[in-house]
Amino acid sequence: MSDNIGRLDATLPALTVKAYGYCEEQLMERKPLELTDKEAYLDYLKSIAERYPFLAVMGLRVLSEITIREMLRQSKRAKFHNDRCSFNDLILELQSIRSLHTSQIEGLRIYRQFENMASHGNEVSVETAQWALEAIPAILNEIKAKPL
């Protein structure tokens with residue numbers, strides 16, 4: 001833990017204090033997540049889907065964004081691959097540099113919509129999460145397999 005972020009617990013006979021400190025710049029620092037074993041990560045998401053479908057869907061978004069950003073970085077024509085563009089922007093940019101099949105676009109669009117609903121506290125069914133955990137990685141793998 002950094003010297004600028006921490007917690008202090010102090011107990012005196014008549015007083016218990018918990019004080020938290022932080023450095024806003026460090027809390028807001030953006031550092032891209034590196035998933036060294038994407039297959040293991042996906043397997044983990046599948047293992048929690050029945051109990052926490054919304055969490056599996058949100059975790060899949062992380063994997064999807066990382067995968068799409070990697071594809072965009074490989075293209076010299078891509079405009080968006082920084083850490084501040086939206087998931088929708090990433091999908092649109094991917095669509096602009098690769099010829100995607102209608103079913104791929106539709107699958108990503110549907111996923112983006114219910115993933116966005118989940119991120120705002122709406123329920124996701126187990127079946128929906130399981131569909132996403134199978135379909136979205138397959139779609140992304142199909143897209144990756146196509147030459148630029």
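Quick caveat, the model's predicted, so the values are computed rather than measured. Values below: every heavy atom of this structure, side chains too, minus hydrogens, waters and symmetry copies.
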Result block: side-chain N/O donor-acceptor pairs under 3.5 angstrom for residues 53-68, not counting sequence neighbours:
unit_1, atom_1, unit_2, atom_2, d
Arg61, NE, Glu65, OE2, 2.6
Arg61, NH1, Glu115, OE1, 3.2
Arg61, NH1, Glu115, OE2, 3.2
Arg61, NH2, Glu65, OE2, 2.8
Ser64, OG, Leu60, O, 2.8
Glu65, OE1, Arg69, NH2, 3.0
Thr67, OG1, Leu63, O, 2.8

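With values rounded to the nearest 0.5 angstrom, Leu94 atom CG is found 5.0 Å from Leu100 atom CG. Atom CD1 in Ile143 sits 4.5 Å away from atom CD in Gln104 (nearest 0.5 Å). Arg112 contributes atom CZ, which lies 11.0 Å from atom CD1 of Ile110 (distance to the nearest 0.5 angstrom). Taking CG of Asp89 as the reference point, atom OG of Ser96 lies at 10.5 Å (rounded to 0.5 Å).
Here the side chains of Ile139 and Ile136 are in contact, with some heavy-atom distance below 4.5 Å. When side chains are defined from C-beta on, Asn116 does not count as touching Asn88, because their heavy atoms never get closer than 4.5 Å.
Sorted by first then second residue, the side-chain hydrogen bond (donor to acceptor under 3.5 Å, both in side chains) pairs that include residues 41-54, not counting sequence neighbours, are Lys46-Glu134.
Leu92 and Leu90 fall into different hydrophobic clusters, where Ile, Leu, Val, Met, Phe, Trp and Tyr are joined by side-chain heavy atoms under 4.5 Å apart, directly or via other members.
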Begin with the C-alpha distance, continue with both residues' side-chain angles, and end with the deciding distance and a verdict on side chain to side chain contact (heavy atoms under 4.5 Å, CB included) for Leu140 and Leu108. CA-CA 9 Å; Leu140 293 174; Leu108 291 172; 4.2 Å; yes
For Ser75 and Arg98, what are the C-alpha separation, side-chain angles and deciding distance, and is it a side chain to side chain contact (heavy atoms under 4.5 Å, CB included)? CA-CA 9 Å; Ser75 169; Arg98 302 251 183 159; over 6 Å; no
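Partners of Asn141 under the side-chain contact (heavy atoms from CB on, under 4.5 Å) rule, at least two apart in sequence or in another chain, are Lys144. Qualifying side-chain hydrogen bond (donor to acceptor under 3.5 Å, both in side chains) partners for Ser103, counting only residues two or more places apart in sequence or in other chains: His101. For the side-chain hydrogen bond (donor to acceptor under 3.5 Å, both in side chains) test, residues two or more places apart in sequence or in another chain that qualify with Ser125 are Thr128. The side-chain hydrogen bond (donor to acceptor under 3.5 Å, both in side chains) check on Glu106 picks up Arg109, with sequence neighbours excluded.
The nearest pair of heavy atoms linking Gly107 to Trp131 is O-CH2, 3.9 Å. The minimum heavy-atom distance between Val126 and Ala49, with the atom names listed, is CG2-O, 4.0 Å.
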